[in-house]
4 protein chains.
Amino acid sequence: MTAQQARRPGRPRSERARQAVLAATLALAAEQEPADLHMEAIAKRANVSKETLYRWWHSKTEVILDTLAERGQQTIPLPDTGTLRGDLRDFLRATVDSADPATGRLLHSIAAAAASDENAARQVRDQFLATRRADLGQILRRGAARGEIDHDNAALALDLIYGSLWYRLIFRTGPLDYRWADQVAAAIASP
Amino acid sequence: MTAQQARRPGRPRSERARQAVLAATLALAAEQEPADLHMEAIAKRANVSKETLYRWWHSKTEVILDTLAERGQQTIPLPDTGTLRGDLRDFLRATVDSADPATGRLLHSIAAAAASDENAARQVRDQFLATRRADLGQILRRGAARGEIDHDNAALALDLIYGSLWYRLIFRTGPLDYRWADQVAAAIASP
Amino acid sequence: MTAQQARRPGRPRSERARQAVLAATLALAAEQEPADLHMEAIAKRANVSKETLYRWWHSKTEVILDTLAERGQQTIPLPDTGTLRGDLRDFLRATVDSADPATGRLLHSIAAAAASDENAARQVRDQFLATRRADLGQILRRGAARGEIDHDNAALALDLIYGSLWYRLIFRTGPLDYRWADQVAAAIASP
Amino acid sequence: MTAQQARRPGRPRSERARQAVLAATLALAAEQEPADLHMEAIAKRANVSKETLYRWWHSKTEVILDTLAERGQQTIPLPDTGTLRGDLRDFLRATVDSADPATGRLLHSIAAAAASDENAARQVRDQFLATRRADLGQILRRGAARGEIDHDNAALALDLIYGSLWYRLIFRTGPLDYRWADQVAAAIASP
DNA sequence: CGGTAAGCGAGACGGTACGTCTTGTCTTATT
DNA sequence: AATAAGACAAGACGTACCGTCTCGCTTACCG
C-alpha cells in the first residue's frame, strides 16, 4: 500500500522539526493558559519557522490533534471485566487518569476551536472523538450483547457519557475524578 | 425595597446604548460566524463607542451573557405533565426550540470563551448555566419525589443531559431536534 | 464703560473654579511633561467639571495663556540704564529669570499648540507675544532715538532676539542663562 | 568599505514599503493640517501595516525626519559669492525657496513634537538642525576668516538666524520671503 | 561530483482586533 | 444659569497574532 511512498525530490521533511513542534505544544500546554498557546508561541518555542509550521499544519487545531495523537493515544486500554458497569468504570477511570493538566489544556483548546469554527469541529470529530467513541462504543455493544443495556440507549449513552465529560471540562462544573467515573458508570449501567 | 436606588450624580447610563449593544450582538450572531463577533464589530454596529462598550462590559463574554439574558431567558417555561418523562420531553423540546441559529452562535461563543479562559467559564456558569440547571433540577426533584428517579441519579442527570446538549452543539455530532429530546427524556426517565 | 456690567440672571460664574483651574495648570506644569498637561488632567486636578472648563476656555491654549497672564505677567519691569546694551542686558536677564521650570513647560505647550494649529498661533501672538514685543520694542525704540541702532534693524531685532530665545527653548540647543542674555545684548547693540 | 554590509538572515526590509511611507507622509503634509498627520493615516495612505510602520520608525517624529532627509536635504547648496552678506543672502533665499507648503507643515510637526517632548527635541537637533547649522556655520566661519564678522558673534548668529526663521514659522509673525532673507543677511553682516 | 529541487530558519509584510486614552459634547441633579 | 459628576461618540494610540511572503542556506536525490 503506502509501502513505496514515492520518494519525492528535494530535501525531505525534517523529523526533528516535527517532534520539536509537538514537544513545544505539549510544553506550552503544561505551562500556560490555553489562550497563550498560539502558532507564534509554538514556532518560537520549537525553534521552528512559522513557514515550516504552516506548511505541515494548517491550523492550531491540527497541531494539537497531532500532539494528542502522538502523546496520549495509547493510554486507554479496553477493559474486560465481564460486566458493563465494570468495563465502564475501568474505562472512565482510565480516561480520568489520562487527563493530566497539560492534556486538559489541549482539550480545552480544541473545544474552543470546535465551538467557534465549524471546520475545526469536523476535524476534532474525525481525528479525535471518533476513536474514543469507537472504544466506548465497543464496551457498550458488548453490554448490549449481554442484555445489560438496551441497544438504542447504548447509542445515546455515548453522547451522555462524553457529553458530561466535556461539560465538566469546559465549564469546570466539577472535578473529573474517580467519583465522577463511578457515578456515571453506575447511572448508565443501572440494573 | 430597592425601589429608591440611591440616584448617583452625573449623567445616567444610556439605556439606548445598552439596548443598541445587545441588539447589535444578536444581529451579528444571526449574520456571521462566531469569529466575526468581536468587540470592535459590536461597537460599530451599535453606533456606540468602544469606550462605552468596555465601560459596561469588560469582555465579549459579558456582552453575550447579557444578550442571552435579555433576549432568550424567558422562553422556557417549566412544564408539568405529571410524569418525569413528560416533563423532560417538554422541557427539552422547548430548549431545542429556543436554539435558533443566532442563539446557537452565541452559545458557541460562550462555550469557546469558557473553554479557553477559566474566568469566562465561571461567568458562564454563574450567569447562564446556573438558571438552566435550577430549572431542570426542579423537574428532576419532582420526579425523585414521585419515585421516578433515584435521588443520586437526579443530580448526575443534570450533567448527563446538559452535557450531551453542549456536546452536540460544540462538536456538531448530530442535530439538536425533537428526536434527540425524546430519546434523552426516555433514557433518563427509564422505568 | 464696563462699569455697569449688565448683571445677568442665574448663578454667577464661580471665581473659585477659575482660580482652581489656573492653579491646577501651573501645578501640573511644574510636575509633569508638557504632554501630560491636558484638559482632562486639568479638570481633575482642579476638581472642576470638564463642562465648566470648556465653557470658559475653548482650548488648552487659552487656559495656558490665561495662566501665564495671571501668574507671570508682572515680573518683567522695563529697565532704564541709559544705554541700549544695558537695557537689553537687564531685560533679557529678567526674562531668563522669569522662566522657571513650570513657566518653561507652559511655554513649551503653547509653542507646540501654535506650531500645529494656525488658530492657536494667532491666539499666542495676540495674547502673549504682543506684550513682550511691545516691551522689547520700546527698549529698541529708545536705542534708535539715541542712535545706538538703526531703525530698520530695530524692527528686525525683535525677531532675532525672541527667535533665538524660543529656538533655545523649543529645541533645547542650549541653556537660557545670563551668558546667553549678555551675548545677545552685546550682539544686537554692537557699537 | 561598508560595501559588503554583512547580509542579515530573513526577508530583507522592503524598500517599497519604506518609500511608500515617506511618500505618504509628504502627500498628507501637502493636503492636510499637521494634526491630521498621524501614524494611522500614514499607514493607511501608504498601504503599509501599522506593525511595519512602528517596526522601522518608533514615532511620528522619526518618520517626518526621514521624509525631510530623503526629499528636502539636497536642495540647499552652499553659495560662494565672496562676501558674507552675499553668501548669507543666497543661502537664506535658497532656504526660503525650499519651504514649500508641504515641507512647512512637516517643519511645524517636528517643532510641535520637539516642544512637547524632550526626546523628540534631541532627535530633531541631531538629525535635522545639526546639518543646517553646519552649513550656515561654514558660511559664517568663512566670513570670520575674512574679518567680516567677529568670531564670537558668528557662533551666536546661528541662533539668531535660525531662531528668527523658526519663530516666524511657528508663530506666523510674518512671511518667510526674500525680503526677510535679505534683511537678516544685512543685519548679521553689517559693515 | 555537480545540478536540481524541496525544506528550513529567519524575519519582514499587510491586515486587523485589542484595550486604553483624550477630546469635546451631552444629560442629570444640585446650587 | 452655573456647577460637579460623569456618560457619551469619535477615533488615534501602540501592541499582538495571523497567515503569507521572500531571502540565503541546507540536505537530499539523480544524472
Side-chain angles (χ1 to χ4, degrees), chain A residues 7-18 20 35-36 38-41 43-44 46-56 58-60, chain B residues 7-18 20 35-44 46-56 58-60, chain C residues 8-14 16-17 35-36 38-41 43-44 46-56 58-60, chain D residues 7-18 20 35-44 46-56 58-60:
Chain A
R7 200 58 162 90
R8 289 189 299 145
R11 178 176 176 176
R13 174 175 181 184
S14 160
E15 178 61 20
R16 194 220 115 251
R18 185 175 164 275
D36 295 326
H38 32 78
M39 293 297 256
E40 199 105 40
K44 170 162 280 183
N47 281 321
V48 145
S49 74
K50 285 170 68 181
E51 167 75 17
T52 300
L53 192 52
Y54 278 103
R55 188 197 303 279
W56 302 110
H58 299 86
S59 69
K60 192 177 65 177
Chain B
R7 198 65 163 82
R8 291 203 295 118
R11 179 176 176 174
R13 173 173 182 184
S14 162
E15 179 61 21
R16 194 220 115 252
R18 186 174 163 275
D36 294 326
L37 183 65
H38 31 77
M39 295 296 256
E40 197 110 43
I42 293 170
K44 174 158 282 181
N47 282 321
V48 145
S49 74
K50 287 171 68 179
E51 159 128 42
T52 298
L53 192 52
Y54 280 102
R55 189 198 307 278
W56 300 111
H58 300 85
S59 68
K60 194 176 63 178
Chain C
R8 290 190 297 145
R11 177 176 175 175
R13 174 172 181 186
S14 158
R16 194 220 116 251
D36 294 326
H38 31 78
M39 293 296 256
E40 197 104 44
K44 170 162 282 183
N47 281 321
V48 146
S49 74
K50 286 170 65 181
E51 168 73 19
T52 301
L53 191 52
Y54 279 103
R55 189 196 303 277
W56 302 110
H58 299 86
S59 69
K60 192 176 65 177
Chain D
R7 199 67 165 80
R8 291 204 294 117
R11 180 176 177 174
R13 175 173 180 185
S14 162
E15 179 60 21
R16 196 220 113 251
R18 185 174 163 276
D36 294 326
L37 183 65
H38 32 76
M39 294 296 256
E40 197 111 42
I42 293 171
K44 174 159 281 180
N47 281 323
V48 145
S49 73
K50 286 171 68 178
E51 161 132 39
T52 297
L53 191 51
Y54 280 103
R55 189 197 306 280
W56 300 110
H58 299 86
S59 69
K60 194 176 62 177

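We name chains A, B, ... by the order of the sequence lines, and we start the count at 1 in each one.
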What is the distance from [atom1] of [X] to [atom2] of [N], rounded to the nearest Å?
{"X": "C:His58", "N": "E:dT25", "atom1": "NE2", "atom2": "C1'", "value": "13 Å"}
{"X": "D:Arg16", "N": "F:dC21", "atom1": "CZ", "atom2": "P", "value": "15 Å"}
{"X": "D:Leu37", "N": "F:dC13", "atom1": "CG", "atom2": "C1'", "value": "15 Å"}
{"X": "A:Leu53", "N": "E:dA10", "atom1": "CG", "atom2": "P", "value": "13 Å"}
{"X": "B:Tyr54", "N": "F:dG6", "atom1": "OH", "atom2": "C1'", "value": "21 Å"}
{"X": "C:Lys44", "N": "E:dT23", "atom1": "NZ", "atom2": "C1'", "value": "15 Å"}

Whichever of C:Ser59 and B:His38 has the more 5' nearest nucleotide on DNA chain E, that residue is B:His38

Want to settle it: does B:Pro9 or C:Asp36 sit nearer the 5' end of DNA chain E, counting the closest nucleotide to each? C:Asp36

Is it possible for you to check whether C:Arg13 lies under 6.0 Å from the centre of the six-membered ring of C:Trp56, through NZ or CZ, and within 45° of that ring's axis? yes

Determine, for A:Glu40 against A:Lys44, whether the closest basic-nitrogen to carboxylate-oxygen distance falls under 4.0 angstrom. no

Of all the heavy-atom pairs spanning D:Leu53 and D:Val48, show the shortest one and how long it is. N-CG1, 4.1 Å

Shortest non-hydrogen pair, D:Met39 vs D:Ser59, comes out as CE-C, 3.8 Å

Taking only N and O in the side chain of [X], is any of them less than 4.0 Å away from OP1 or OP2 of [N]?
{"X": "A:Trp56", "N": "E:dC8", "answer": "yes"}
{"X": "B:Arg55", "N": "F:dA7", "answer": "yes"}
{"X": "B:Ser14", "N": "E:dT27", "answer": "no"}
{"X": "B:Arg8", "N": "F:dA7", "answer": "yes"}
{"X": "B:Thr52", "N": "F:dA9", "answer": "yes"}
{"X": "D:Ser49", "N": "E:dG15", "answer": "no"}

Given F:dC18, F:dT3, E:dG14, identify the nucleotide with an atom nearest to the side chain of C:Arg13. F:dT3

Among F:dA7, E:dC13, E:dC8, the one nearest A:Arg11 by side-chain distance: E:dC8

Looking at every strand, decide which applies to A:Arg18 at a 4.0 Å heavy-atom threshold: base, sugar-phosphate, or nothing. nothing

Assess whether one donor atom and one acceptor atom, taken from the side chain of D:Lys50 and the base of F:dG14, lie less than 3.5 Å apart. yes

Using only modelled atom types and a 3.5 angstrom limit, is any donor from either the side chain of C:Glu51 or the base of E:dC26 paired with an acceptor on the other? yes

Nearest heavy atom decides the nucleotide; on that basis, is A:Glu40 or C:Val48 closer to the 5' end of DNA chain F? C:Val48

Value rounded to 0.5 Å, distance of CZ in B:Arg55 from NE2 in B:His58: 10.5 Å

